[in-house]
Structures are given as C-alpha cells and as structure tokens.
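These numbers come from the heavy atoms of this one structure, side chains and all, not from hydrogens, waters or symmetry mates. No experiment lies behind these values; they were computed from the predicted model shown.
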Number of protein chains: 2
Amino acid sequence: MLSHKAKYALKALLYLAEQDEDHISKTIEIADGANIPKKFLEQILLDLKRGRFVSSKQGKFGGYYLIKSKNDITLAEIHRLFDGAIALLPCASLNFYERCLDCKTEEECSLRHGLMIIRDETLKAMQNITIASLIKK
Amino acid sequence: MLSHKAKYALKALLYLAEQDEDHISKTIEIADGANIPKKFLEQILLDLKRGRFVSSKQGKFGGYYLIKSKNDITLAEIHRLFDGAIALLPCASLNFYERCLDCKTEEECSLRHGLMIIRDETLKAMQNITIASLIKK
DNA sequence: TATAAAATCTATCAATTTGGTAGGGTTTTG
DNA sequence: CAAAACCCTACCAAATTGATAGATTTTATA
C-alpha cells in the first residue's frame, strides 16, 4: 500500500500538472486544491524538490512548479522516493537490495526468484502510469 | 513489501510442500528447517490453519500438514491473509475496499483508475506464483 | 491412568513507523 | 522593511511489527 505521503505527493503533482504553463502554485493553494494538510504538504514538496520533480521560487509571489514533464513522472519513481522498494522483499529489489539474513545458506532464498518476476511485472505497470496518464480520463 | 509474517508463512508452506505425502511436521521441525523463530511460527501456523491452507493434529506426534494443493496456494492469497490488500490504495482494492476520505467529491479520486490497472497486473502476476512454482527451480 | 509431547490460547513488550503538528528561521521581493 | 513564502528541526501520539513468555488443552502410549 502507498503511504499517505506518496498519495499526497501524487495528488500535489497532479495539481501542478493541471495548472497553466508558467503558473507558480503556493503551498496553501495546492493544499486546498488537493485537500492535503498544509504543514505536511510542505515536507512533501521539499522531498519532491530534492527528487528534482519540482522546483520553487521564494519570496512574495513564490511557490512551486513542475520541472519534469508530466509524461515523464511515473508512479514507480514516486513510490521509490517516498515508500522505497517496489519488490516484495529486499533480496528481490533492484534499487534497495539487501541480503536475506534469515536464509540459512548464502545461496538465493527460495522466494527470491518468484518475487523478482512479480517485481518486473509490477515495475513495468508502474512505469506506465504517469502523471499525464492520470489526468486524461 | 512483505511482512516477516508473510515471508515466514511462505517459507513454512514451502517446507511443508517439500515433505512426503502424509508426513506431519512439528512446529519445531519447520522452525529449524526454515529458520523461523519458533514461537512466532506458532502464531503464523494458526493463521494458516484459520485460512484453511494447513490443518493440524494435536497431542503427541501431532503437527501440521498441508490441506490445500501446493499448485493452488498462490502468493496473492498469502499476501491477503497476512498483509491485506494488494492494491496500492484501499479505494482501488477488490477485497479490502474503502472510500478515500480525503477526496473532496464523492466521485472517484484521481488516482483510483491508474491504481486499479496496477492492481490488476500485480494480482495476475501474484496468482501465477504458487508454492509449487517456487519449489521447481 | 499417568505422563510426555505437542498444539493452542492469552498476554505482554520494545522498537519502529506513520501521520502528522509546532514553531520558528531564512530568503526574496513589493 | 515587512510581508509572504520557502525551509528546517524537533517533537508527539497512535498504530504496527516482530517478536517472547507462560499457561492450558489435547492426544498417544507405556
């Protein structure tokens, strides 16, 4: 399941993607528009900025805006940024790999192969869902 | 990600599936064989029993055994039993549906449609991974 | 029938994660 | 120069997770 953070991030990105080109959105505007607690949203927007999905302008009339095309922001990326691995176990993960400590031998654990198949399928599907694809319905 | 419970459950089922037909496995035997903390495994086996994947015999020479074919136990079922919904949000779930409370209108939330696509793909993949498929490698 | 072995039940617990809130500080700009 | 916004750090309560502990019930058999 997605965390609230990831869900809010997607909704915030959706909000930004729906604005006119060159429009800068204030935090409070996004919070109201997407129904997200403002202070919580602040942290999320900072994460999105660190992830180079959005950028910001400070000072009066400042705010946030997309710096990545809505066609290029995928569910997979947002999931990884906020919720980490897409695979079901760390030993089957591409980006968050860790060895299974409870597997007796150092060989592959019995689950790994199957979970890598799941990961590939899920990843493929998640890379197909973009912010743009969520808008046009 | 899978919880330890779900992971241990899969490993325990794998262990049981690899035994001879009619063999009854004691908890301690499964715990040692699959490297699972014994007391924790006890709870998991009870859950698997309630889920009708295994049955048990009490008393001396008792233990656990599969009552569902290893070809019919899927990753999807184990995920649902221990970790709940497969969908990324409750509003996109088949078995654990709940309305999005933070969506302003009562209509579908903007994420729902995309997440249902992911759910379908993931579910299909997870239903293809059975205990039997994990054994033959 | 006593006893040993095994499942089963009920409670508890520490650590971590989650979903926030609070309160400032810093930077920019009218 | 002050307002408006970003930015940062800390804290907090509730829930979840990953167990452990101990008592009880059931069963086979010596």
Inset, instruction - Evaluate whether atom NZ of A/K70 has more than 12 neighbouring non-hydrogen atoms of other residues, nucleotides or ligands under 6.0 angstrom away. - result: no

Quick check on [N]: is either OP1 or OP2 less than 4.0 Å from any side-chain nitrogen or oxygen of [X]?
{"X": "B/T27", "N": "C/dA7", "result": "yes"}
{"X": "B/K38", "N": "D/dT20", "result": "no"}
{"X": "A/Y8", "N": "C/dG20", "result": "yes"}
{"X": "B/S56", "N": "C/dA6", "result": "no"}
{"X": "A/S3", "N": "C/dT17", "result": "no"}

Counting side-chain heavy atoms from CB outward, which of [options] is closest to [X]?
{"X": "A/Y64", "options": "D/dA19, C/dG20, D/dC7", "value": "D/dC7"}
{"X": "A/H4", "options": "C/dG20, D/dT20, C/dT27", "value": "C/dG20"}
{"X": "A/K39", "options": "C/dA7, C/dC9, C/dA22", "value": "C/dA22"}
{"X": "B/K49", "options": "C/dT8, C/dT21, D/dC7", "value": "C/dT8"}

Legend entry - 5' priority, DNA chain C, between A/F61 and A/L2 [closest heavy atom]: A/L2

Legend entry - NZ/NE/NH1/NH2 to OD/OE distance under 4.0 Å, B/R80 and B/E77: no

Looking only at N and O atoms, is any donor in the side chain of [X] or the base of [N] less than 3.5 Å from an acceptor on the other one?
{"X": "B/Q43", "N": "C/dT10", "result": "no"}
{"X": "A/E42", "N": "D/dC7", "result": "yes"}
{"X": "B/K7", "N": "D/dG18", "result": "no"}

